[in-house]
Amino acid sequence: MSNPYIQATPDQIIEMLAAVDATSIDEIFNDQIPSDLQHKDTFDIPTALSELELQGHLTRMAARNQAADSLTSFMGGGIYDHFVPTAIMHVANRSEFVTGYTPYQPEASQGLLQAFFEYQTLLSRLYDMPVSNASLYDGASAVGEAVFMALAVHPDRNRIVMSESVHPDSRALVATYMAHFNTKVDIVKAGNGLTDVQALGESLGDDVAAVVVQHPNYFGCLEDVHGIEKRVRESGALFIVVADPISLGVLAPPGTYGADIAVGEGQPLGLNQYAGGESVGIFTCKSEFMRKVPGRLVGQTKDREDRRGFVLTLQTREQHIRRAKATSNICTNHAHNALRASIYMCLMGPQGMGEVARACVRNTNRLKSAILKKHTDAIAFTAPVFKEFVIRTNRPAQQVRDALLLKGYLAGTPLFETCGSGYENLLLVATTEKRTDAEIDGFAEALGEFL
Amino acid sequence: MSNPYIQATPDQIIEMLAAVDATSIDEIFNDQIPSDLQHKDTFDIPTALSELELQGHLTRMAARNQAADSLTSFMGGGIYDHFVPTAIMHVANRSEFVTGYTPYQPEASQGLLQAFFEYQTLLSRLYDMPVSNASLYDGASAVGEAVFMALAVHPDRNRIVMSESVHPDSRALVATYMAHFNTKVDIVKAGNGLTDVQALGESLGDDVAAVVVQHPNYFGCLEDVHGIEKRVRESGALFIVVADPISLGVLAPPGTYGADIAVGEGQPLGLNQYAGGESVGIFTCKSEFMRKVPGRLVGQTKDREDRRGFVLTLQTREQHIRRAKATSNICTNHAHNALRASIYMCLMGPQGMGEVARACVRNTNRLKSAILKKHTDAIAFTAPVFKEFVIRTNRPAQQVRDALLLKGYLAGTPLFETCGSGYENLLLVATTEKRTDAEIDGFAEALGEFL
Amino acid sequence: MSRRIQITVEENNLSVKERLDTQTIFELSVPGRTGFSLPPEPPETKGVCADVIPERFLRETPPALPEVSELTTMRHFTHLSGRTMGVETTFYPLGSCTMKYNPKINEFGAGLPGFSNLHPDQPASTMQGLLEAYYQVQEILGKLTNLPGVSLQPAAGAHGEFTCLLMAKAYFDDKGETERTQVIIPDTAHGTNPASAFRVGLEPVEIKSDSTGRIDIEALKKVVGPRTACLMVTNPNTCGLFEDRLAEAAEIVHQAGGLVYIDGANFNAIVGRVRPGDFGGDMMHINLHKTFSIPHGGGGPGAGPIVVRDFLAPYLPAPTVVKSNDGNYDFNFDPRSIGKVRSYFGNVAHVVRAYVYLRQLGEQGLRDVSDYAVLNANYLLSLLVDKYDIPYGKRCMHEFVIDATRQKKMGVKAVDIAKKLIDYGFHPPTTYFPLIVPEAIMIEPTETENKEMLELFAAAMIDISNRGSVDAADVVDSPLSTPVRRLDELGAARNPIVVEAL
Amino acid sequence: MSRRIQITVEENNLSVKERLDTQTIFELSVPGRTGFSLPPEPPETKGVCADVIPERFLRETPPALPEVSELTTMRHFTHLSGRTMGVETTFYPLGSCTMKYNPKINEFGAGLPGFSNLHPDQPASTMQGLLEAYYQVQEILGKLTNLPGVSLQPAAGAHGEFTCLLMAKAYFDDKGETERTQVIIPDTAHGTNPASAFRVGLEPVEIKSDSTGRIDIEALKKVVGPRTACLMVTNPNTCGLFEDRLAEAAEIVHQAGGLVYIDGANFNAIVGRVRPGDFGGDMMHINLHKTFSIPHGGGGPGAGPIVVRDFLAPYLPAPTVVKSNDGNYDFNFDPRSIGKVRSYFGNVAHVVRAYVYLRQLGEQGLRDVSDYAVLNANYLLSLLVDKYDIPYGKRCMHEFVIDATRQKKMGVKAVDIAKKLIDYGFHPPTTYFPLIVPEAIMIEPTETENKEMLELFAAAMIDISNRGSVDAADVVDSPLSTPVRRLDELGAARNPIVVEAL
Ligand SMILES: Cc1ncc(COP(=O)(O)O)c(C=O)c1O
Ligand SMILES: Cc1ncc(COP(=O)(O)O)c(C=O)c1O
């Protein structure tokens with residue numbers, strides 16, 4: 001047998017074929033599939049490797065990547081080199097959590113359901129929003145879903161206003177999502193690293209279903225969320241805030257400044273960077289929108305003997321019941337990543353979340369100061385920041401990044417690559433709680449010649 | 001709190017102290033321990049590192065080792081670079097298995113007990129011996145325990161005969177174990193890589209409690225176990241055989257050639273090399289010695305409702321009941337390594353064990369042939385081998401090893417380091433199922449100039 | 001799963017065992033307790049926020065997260081795992097979900113730090129190993145489907161549907177055929193199909209299946225036309241039947257200028273044997289978390305790569321991975337791309353897992369997948385055929401639907417059978433889907449189960465039916481072996497509690 | 001732990017659920033099935049053995065190992081784990097075993113391939129990272145005990161005892177004092193102590209404890225003399241009491257020319273506060289798997305490093321790790337070493353784990369260990385003092401022994417209380433040890449448990465006692481929540497079945 005996971009033995013195959021009245025497996029297929037649709041030729045794919053061979057093959061393949069365990073990372077812009085407590089994977093990797101499906105049969109999956117209920121509660125408390133769903137794909141698609149929800153809340157409005165300081169992938173995603181949905185997406189400039197609040201106010205109107213702002217924004221800066229909220233409120237649009245969950249260890253949560261929907265990328269909550277591929281879309285909102293929420297929701301209930309239990313709830317929102325009229329098409333979500341984020345938040349608690357956030361602030365500030373000492377104009381934007389900021393380099397930032405790679409640094413994101421022209425000499429760097437003083441000072445030193 | 005694993009909060013400490021009628025923790029100690037015995041000074045040990053810091057610290061520390069995942073290993077002599085199926089750790093690392101203690105309360109640990117019962121059965125079947133215990137520390141101490149058992153079986157005999165071709169650590173261990181036990185250990189020469197059977201026969205007498213032979217032996221060679229057994233039998237001594245479990249995929253098991261006790265090092269059964277530190281001592285014997293077996297034994301029994309269950313059995317052999325008269329002093333054994341070896345044997349089954357063993361034979365033979373082509377006298381011993389053999393080098397083997405390290409090979413064990421003088425130009429190499437033809441041929445090529 | 005033993009030391013009506021096992025993490029919280037190990041906070045850091053961040057931005061009180069130790073956290077989630085079934089706990093024949101064994105060697109690959117510690121903004125030159133995996137998975141999926149344009153970006157099946165439909169719209173827009181706004185969807189379809197169509201501003205048009213459970217070609221002909229953007233078909237369909245007239249249906253749609261979308265959720269039935277591009281598919285999503293052995297994670301993440309015909313490839317979401325002549329890999333951003341549907345590159349760890357699986361199986365191993373998935377399903381069907389109504393005959397692909405209408409008459413509905421199966425030790429099959437079978441029980445054994453398990457499951461199914469005929473209440477009363485019994489789902493929806501009150 | 005639900009589909013008297021859960025791996029075997037993934041065997045390899053190995057050496061039939069798939073194997077062992085309690089399942093107050101939480105960062109270190117893929121015969125220059133860990137653990141253990149000669153070779157506590165006693169013999173032999181053949185051991189000692197003594201050809205001499213549960217100095221004086229090799233004491237002893245007159249006792253033994261051995265199994269009570277070298281110890285073993293947070297693995301492996309005074313250090317088993325002036329580490333083989341007691345270097349992965357733990361805690365963190373181990377034990381004792389007889393007063397070190405003699409009079413013995421605790425969700429404490437307390441229940445909460453858990457456990461203990469007084473049969477009937485009820489241990493020993501019949 002070429003497939004090590006198939007259990008049928010030759011004897012059993014004979015017995016099973018007899019039971020199904022066939023003389024061969026081919027016959028079962030031929031009974032159902034026209035012969036000309038069956039591909040008899042080779043598929044020309046790479047030859048099989050055994051597990052023994054794959055262990056070496058994969059180890060060598062991974063060694064062809066240069067990752068943050070051998071380089072010192074100042075990368076940010078949405079995905080961060082935060083501390084991942086070792087305990088998380090030890091319990092999250094229990095096979096019941098890893099291999100189970102969406103808990104459609106609640107009695108057989110109370111553990112998963114309770115875990116998702118707790119996830120919802122944790123996010124609700126962190127963002128100070130009364131409702132959280134059980135996860136979406138990633139931060140960008142969470143913005144997309146938020147926009148969809150806003151359009152459902154305001155079926156008579158067909159314009160979305162977004163700040164340029166929202167993560168470029170989120171902006172691109174909303175553009176894609178809305179491209180064929182009869183909805184216009186207007187971008188408000190963020191010239192000096194901050195949303196132009198004036199321009200934002202001017203772009204609002206009673207056709208605007210939602211305003212999307214990120215805080216801290218893509219450039220690391222803290223937005224004038226209070227000022228923005230006031231204007232949004234006046235227009236009747238929904239206020240959608242994108243917020244880094246780690247920042248909420250010290251920053252006021254979206255619920256305190258009037259967000260209607262608050263979303264975010266959950267990777268910083270104990271997930272690996274994984275080239276951005278270990279994500280979870282955080283989605284929280286006000287209570288009044290509960291029945292319009294996209295994705296799974298877990299609710300608390302009772303069993304026949306009055307014991308507390310948990311179920312998937314408000315399923316009439318969902319595609320498998322409501323089909324085209326569903327609040328979203330989402331079925332599979334990012335449950336396991338949500339579970340890991342939950343474990344992270346439990347381990348950290350309020351105190352740990354505070355310490356991590358403060359260490360980010362402190363380290364970022366240390367790097368900023370060191371850079372300013374080298375060159376007083378090297379910080380592109382002056383607004384207060386949380387854990388990342390933009391450096392103005394004396395040559396294209398891509399060259400700086402490449403030069404510093406040779407010195408062992410993942411030196412940040414050249415903004416030209418994510419924001420395009422106009423951003424040539426700008427480098428976005430993040431400094432998490434993991435960076436030591438020596439690393440920060442060394443990096444500032446290494447940057448010196450490029451400022 | 002400097003210790004992250006302590007849960008008492010300041011409030012709770014106050015409550016607990018009140019409950020125990022103390023005003024401080026110090027007071028509880030002072031009530032019981034004379035003050036002058038309490039060390040008030042610093043202990044002068046390295047300062048604490050947080051988990052965040054340790055992740056980096058340990059990664060850097062491990063990077064200061066050069067291991068078989070980046071080098072090509074031809075190391076053997078007891079510990080081997082065999083294939084470790086990935087599945088093993090996924091289930092063996094479940095916390096119930098990792099954190100439980102010896103299953104003293106059988107109802108709370110049926111899973112562990114059944115696993116050990118299965119381990120015993122697997123080893124019994126592999127070695128073709130009716131009894132296996134639930135594990136000892138390692139292969140060397142298993143030899144030591146076997147010798148102790150032989151002395152208990154023959155209280156009137158006080159001499160042990162051992163071949164020089166037994167693993168040097170096992171020989172050294174038996175020497176240590178017997179040094180103060182009023183027992184003489186005679187070593188029979190193994191000049192051409194094989195036990196001198198003639199000399200062995202001559203050294204026997206009715207004062208010999210046991211003869212210890214390793215097969216395949218330390219030099220890789222297959223011993224004349226049938227000839228040896230005949231002589232041992234005549235002397236009335238017990239025949240103790242040390243056997244590599246992987247070899248038993250193709251070699252006749254000790255039970256078929258009259259071993260009274262068969263022991264071995266279990267690392268090759270899916271355990272990591274870990275510098276020899278992930279070991280399990282295999283101990284099997286004939287039924288008649290069941291009540292003299294050292295270490296834990298699990299037995300099958302029934303519960304009150306006639307269901308099958310498992311318990312630690314024949315505990316009257318053990319130190320916690322029989323104290324000084326126990327069959328051994330062993331308490332903690334190598335249970336978790338035994339569990340992993342069990343999982344390995346289940347995954348491999350008879351067919352996989354055969355394939356692995358045959359691949360070892362084939363690869364070893366390929367390397368041998370390639371070397372012989374380079375130099376017809378380069379193979380030190382001519383006896384048939386299983387998975388390793390001794391190369392005669394044209395300079396001290398340590399120099400060869402060091403030179404080949406620079407080419408990316410862990411080139412084997414210079415026998416001078418383990419067997420001492422007389423072995424200067426001999427290099428012990430092993431070729432497991434993991435080595436590819438390209439690696440083998442490359443290694444033979446690289447060896448060329450040193451033959 | 002533990003049976004509750006009533007112990008008398010009660011507090012808040014909870015026994016000791018319940019307090020050990022069932023509290024929420026919030027109930028376990030104790031003020032001042034911590035579960036992390038971070039470097040000691042330098043005194044000056046305590047005030048750093050006040051120094052560098054204006055006060056209006058700062059949080060007044062810390063978030064009300066639980067205050068628990070590492071040990072409490074580990075025990076808590078260990079208990080939760082004990083109240084959850086998985087594929088390594090038991091047989092999990094959840095139809096349409098392909099709950100096959102998830103090989104551990106996949107995890108070996110996915111767990112290597114050289115993959116897991118990469119940042120998405122790193123230059124391509126620093127992640128050639130990862131890009132090679134991407135490239136290979138793209139290539140192999142293209143070849144297995146004969147749909148050579150591949151994107152690994154979509155995060156799940158529904159996301160893949162949505163993405164392809166966006167591409168279809170872009171394609172028609174480019175052709176100026178903006179009137180194509182209808183998506184024809186058979187009534188057996190999964191709910192995500194119409195939901196995805198709606199999401200791109202298209203209008204789902206449902207057509208009834210014929211009496212064999214397949215596409216009704218006449219019904220199709222009636223609705224197809226100049227407004228047709230797509231026909232969206234699952235093949236094999238959700239009844240476990242191969243749509244043998246799909247080529248013909250595709251021809252009709254293509255004639256009318258429309259595209260054919262294949263929902264590839266059931267690709268496990270035909271992988272290595274039939275290429276959807278050969279039966280008329282123009283675009284398709286693949287659930288890596290079904291056919292390609294990615295674990296489901298209790299609901300996700302999955303991965304929903306899409307494969308399309310050449311002429312649609314330029315519209316794929318950006319970026320894709322390309323190989324240059326010097327053997328290096330790079331990202332490619334096609335200017336005609338519909339843009340981004342997910343941040344960065346998709347569910348990267350899952351692409352690595354799929355790479356491992358594809359490499360381990362190779363061509364013959366993949367063909368074995370469908371061979372034995374189909375053999376297992378047919379065998380299991382043959383064991384049930386006497387006791388249960390079989391709406392669509394004795395042959396099936398990788399899964400089949402039985403109808404418990406006969407049992408319902410005795411007072412035992414599909415849901416009761418499902419719950420009773422839990423007491424027998426199995427995870428239940430999918431129930432009440434597809435919607436066209438009233439008491440549908442949809443069973444998908446997958447190729448990784450053995451004959452003994454299929455027989456054990458069939459024995460349980462037959463026994464439940466037998467019991468039902470003598471004592472329906474016994475079945476309706478199930479499950480009894482679970483930590484909770486049947487739950488009040490209506491009550492939960494009527495008065496939703498979705499977060500724990502402070 | 002699952003409660004058995006009786007299901008009627010029976011075969012060999014096993015229900016479906018039992019067949020899913022309780023078969024042995026051998027019963028799951030099917031001829032021809034495999035669970036591995038190796039490169040295909042080249043045809044010529046099939047015959048390779050016959051070619052190069054004489055036939056008499058070859059096996060005639062393959063070993064009768066089970067033939068099972070990877071999935072069956074995973075499910076099987078997953079089921080077994082579900083029938084096993086661990087520290088992350090519940091409170092596990094097994095006295096003398098220090099069942100503290102095993103930090104996961106230890107596993108991070110131990111799992112790094114740079115450690116796990118080393119071969120023991122590699123040159124020291126290629127494993128400097130590992131040798132540094134060795135060296136540091138040696139140093140730290142020496143400093144914590146004030147016994148600076150350290151070997152990390154012994155594989156367990158008993159192995160450490162044995163090794164030290166061998167060293168003592170070698171030492172006396174060197175001094176020509178071969179008549180020193182007696183080891184004085186209090187009656188509270190663990191069974192390994194006399195067993196180890198016997199193993200090195202020494203004669204254990206038991207002395208009774210005094211009425212406070214401690215060493216009886218008068219009894220000691222009576223037996224000490226020119227034949228005394230060692231006094232072997234556990235401190236704190238197995239009653240959880242500090243041997244406050246040990247310095248005095250040591251003085252007596254030293255005067256007589258003997259040595260003092262400290263069984264360090266209870267080091268958790270005093271680590272970071274008291275150095276055994278300061279109260280007269282000359283040699284000592286340390287159970288890394290108790291005090292230093294190494295997991296117990298369901299019975300092992302552990303690690304039993306030994307620490308000794310300077311004058312004994314040359315006898316330590318070989319090799320030890322030394323640091324040279326250039327900062328490099330190397331192995332050292334002292335010619336006076338007693339030789340080898342284990343192959344290679346000991347339980348290496350555990351040394352790495354201990355290194356991580358020692359580095360994470362540091363001096364203050366280690367002192368916290370004993371502080372809170374002792375506080376927790378005293379607090380739990382205070383909760384039980386009214387209901388249970390307390391043989392040795394209200395103060396204890398890190399553990400304490402209660403006596404269920406009062407309960408026995410109601411018909412509830414220590415063993416019954418232990419079994420009933422399982423139904424409450426706890427792992428039972430140690431019972432019937434130490435031997436000098438008739439209905440001993442020995443409880444060690446460790447420092448890693450919280451106050452709430454101690455209270456819950458106390459509530460259960462009190463409740464069991466209360467129940468016992470009204471309905472002893474209810475307690476005696478326990479456990480009921482386990483997969484099997486009380487087992488016939490006598491029958492097992494009378495007619496031992498230690499392997500499954502073919
Ligand atoms: C037939 C079918 N289509 C689509 C989907 C949606 O896939 P996903 O859950 O990955 O979004 C599913 C999932 O169950 C399905 O069964
Ligand atoms: C007091 C005491 N001494 C010695 C030992 C033996 O240690 P080990 O099991 O590591 O051999 C134990 C183990 O339980 C013990 O409690």
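It should be emphasised that the depicted structure is a prediction, and the values quoted were computed from it without experimental measurement. We name chains A, B, ... by the order of the sequence lines, and we start the count at 1 in each one.
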**Side chain / backbone / both / neither for M74(C) at chain A, heavy atoms under 4.5 Å** = both

**Message:** Taking side chain as everything from C-beta outward and backbone as N, CA, C, O, which of these in V351(C) sits under 4.5 Å from a heavy atom of chain A? Side chain, backbone, both or neither.
**Reply:** neither

**Message:** When you compare the side chains of Y379(C) and E15(A), does any donor N or O come within less than 3.5 Å of an acceptor on the partner?
**Reply:** no

**Asked** Going from CD on Q110(A) to OG1 on T22(C), what distance comes out if it is rounded to the nearest 0.5 angstrom?
**Response** 10.0 Å

**Asked** Going by atom types only, do R83(C) and S109(A) share a side-chain donor-acceptor pair under 3.5 Å?
**Response** no

**Request:** Considering only NZ, NE, NH1 and NH2 on the basic side and carboxylate oxygens on the acidic side, decide whether R358(A) and E41(C) come within less than 4.0 Å.
**Result:** yes

**Message:** Heavy-atom cut-off 4.5 Å, strictly under: side chain, backbone, both or neither for K169(C) against chain A?
**Reply:** both

**Prompt:** Below 4.0 angstrom, N of the basic side chain to O of the carboxylate: do E132(C) and R64(A) qualify?
**Reply:** yes

**Item:** Geometric class of the F162(C)/F148(A) ring pair [parallel <30°, tilted 30-60°, perpendicular >60°]
**Value:** perpendicular

**H159(C)/Y137(A) aromatic ring centres below 6.0 Å** = yes

**Request:** Measure A197(C) against the heavy atoms of chain A and call it side chain, backbone, both or neither at under 4.5 Å.
**Result:** neither

**Message:** Return the CG to NZ distance between D488(C) and K302(A), rounded to the nearest 0.5 Å.
**Reply:** 10.5 Å

**Prompt:** Contact part of N102(C) toward chain A, heavy-atom cut-off under 4.5 Å: side chain, backbone, both or neither?
**Reply:** side chain

**Message:** Return the CG to CG distance between L49(A) and L361(C), rounded to the nearest 0.5 Å.
**Reply:** 11.0 Å

**Request:** Go through the structure and list residues passing ring-ring contact (aromatic ring centres under 6.0 Å, His included) with F108(C), not counting sequence neighbours.
**Result:** none

**Portion of Y92(C) that has a non-hydrogen atom of chain A nearer than 4.5 angstrom** = side chain

**Any donor-acceptor pair under 3.5 Å from Q122(C) side chain to Q66(A) backbone** = yes

**Request:** Keeping the roles fixed (side chain from H427(C), backbone from A108(A)), state whether a donor-acceptor pair exists under 3.5 Å.
**Result:** no

**Message:** Strictly distance-based, threshold 3.5 Å: is any side-chain N or O of N3(A) a donor or acceptor partner for the main-chain N or O of G365(C)?
**Reply:** yes

**Request:** Starting from the C-alpha separation in whole Å, work towards a yes-or-no answer on side chain to side chain contact (heavy atoms under 4.5 Å, CB included) for V361(A) and V52(C).
**Result:** CA-CA 8 Å; V361(A) 173; V52(C) 302; 3.3 Å; yes

**Item:** Under 4.5 Å from a heavy atom of chain A, the part of T126(C) involved
**Value:** both

**Asked** What part of S37(C) gets closer than 4.5 Å to chain A, counting heavy atoms only: side chain, backbone, both or neither?
**Response** backbone

**Asked** Measuring heavy-atom distances to chain C, does L405(A) have an atom under 4.5 Å in its side chain, in its backbone, in both, or in neither?
**Response** side chain

**Request:** Check for a donor-acceptor pair, side chain of K340(C) on one end and backbone N or O of S170(A) on the other, with a separation under 3.5 Å.
**Result:** no

**Asked** Relative to chain A, which segment of N146(C) carries a heavy atom at a distance below 4.5 Å: side chain, backbone, both, or neither?
**Response** neither

**Prompt:** Parallel, tilted or perpendicular: which fits the ring planes of H296(C) and Y101(A), with parallel below 30° and perpendicular above 60°?
**Reply:** tilted

**Asked** Under 6.0 Å between ring centres, would you say that holds for H167(A) and Y344(C)?
**Response** yes

**Message:** Could you tell me if R395(C) and Q32(A) have a donor-acceptor pair between their side chains, going purely by distance under 3.5 Å?
**Reply:** no

**Request:** Examine distances only and state if a side-chain atom of T176(A) and a backbone atom of I338(C) form a donor-acceptor pair shorter than 3.5 Å.
**Result:** yes

**Asked** Sub-3.5 Å donor-acceptor pair from the side chain of Q120(A) to the main-chain atoms of V498(C), do we have one?
**Response** yes

**Prompt:** N329(A) and T192(C): side-chain donor and acceptor closer than 3.5 Å?
**Reply:** no

**Prompt:** For R362(A), what residues pass the salt bridge (charged side-chain N to carboxylate O under 4.0 Å, His left out) criterion, not counting sequence neighbours?
**Reply:** D437(A)

**Message:** Counting only non-hydrogen atoms closer than 4.5 Å, does K100(C) touch chain A with its backbone (N, CA, C, O), its side chain (CB onward), both, or neither?
**Reply:** neither

**Item:** P204(C) versus chain A, the contacting section by heavy-atom distance below 4.5 Å
**Value:** side chain

**Complete:** Separation between NZ (K419(C)) and CD (E107(A)), nearest 0.5 Å, reads 3.5 Å

**Prompt:** Can you say whether I140(C) sits under 4.5 Å from chain A via the side chain, the backbone, both, or neither, judging by heavy atoms?
**Reply:** both

**Message:** Over 60° means perpendicular and under 30° means parallel, so tell me whether Y5(A) and Y101(C) are parallel, tilted or perpendicular.
**Reply:** tilted

**Request:** Would you confirm whether S116(C), through its side chain, and N272(A), through its main-chain N or O, come within 3.5 Å as a donor-acceptor pair?
**Result:** no

**Prompt:** Roughly how far apart are L118(C) CG and N65(A) CG, rounded to 0.5 Å?
**Reply:** 4.5 Å

**Message:** Has T99(A) got a side-chain atom pairing as donor or acceptor with V87(C)'s backbone, closer than 3.5 angstrom?
**Reply:** yes

**Message:** If I measure from the heavy atoms of chain A, does E449(C) come under 4.5 Å with its side chain, its backbone, both, or neither?
**Reply:** backbone

**Request:** Just give me the residue among K451(C), E500(C), R273(C) that pairs up with chain A most often, heavy atom to heavy atom, under 4.5 Å.
**Result:** R273(C)

**Asked** So, is the end of the R125(A) side chain (NZ or CZ) under 6.0 Å from the ring centre of F26(C) and within 45° of the ring's axis?
**Response** yes

**Request:** Hey, could you give me the CD/NE2 distance between E363(C) and H39(A), rounded to the nearest 0.5 Å?
**Result:** 7.0 Å

**Fill in**
If one checks every heavy atom of F279(C) against chain A at 4.5 Å, the contacting part turns out to be both

**Asked** Would you say the side-chain atoms of D303(A) pair up with the backbone N or O of R486(C), donor to acceptor, closer than 3.5 Å?
**Response** no

**Prompt:** Is there a donor-acceptor contact under 3.5 Å linking the side chains of T413(A) and D121(C)?
**Reply:** yes

**Proximal component of Y177(A), with respect to chain C [non-hydrogen, under 4.5 Å]** = both

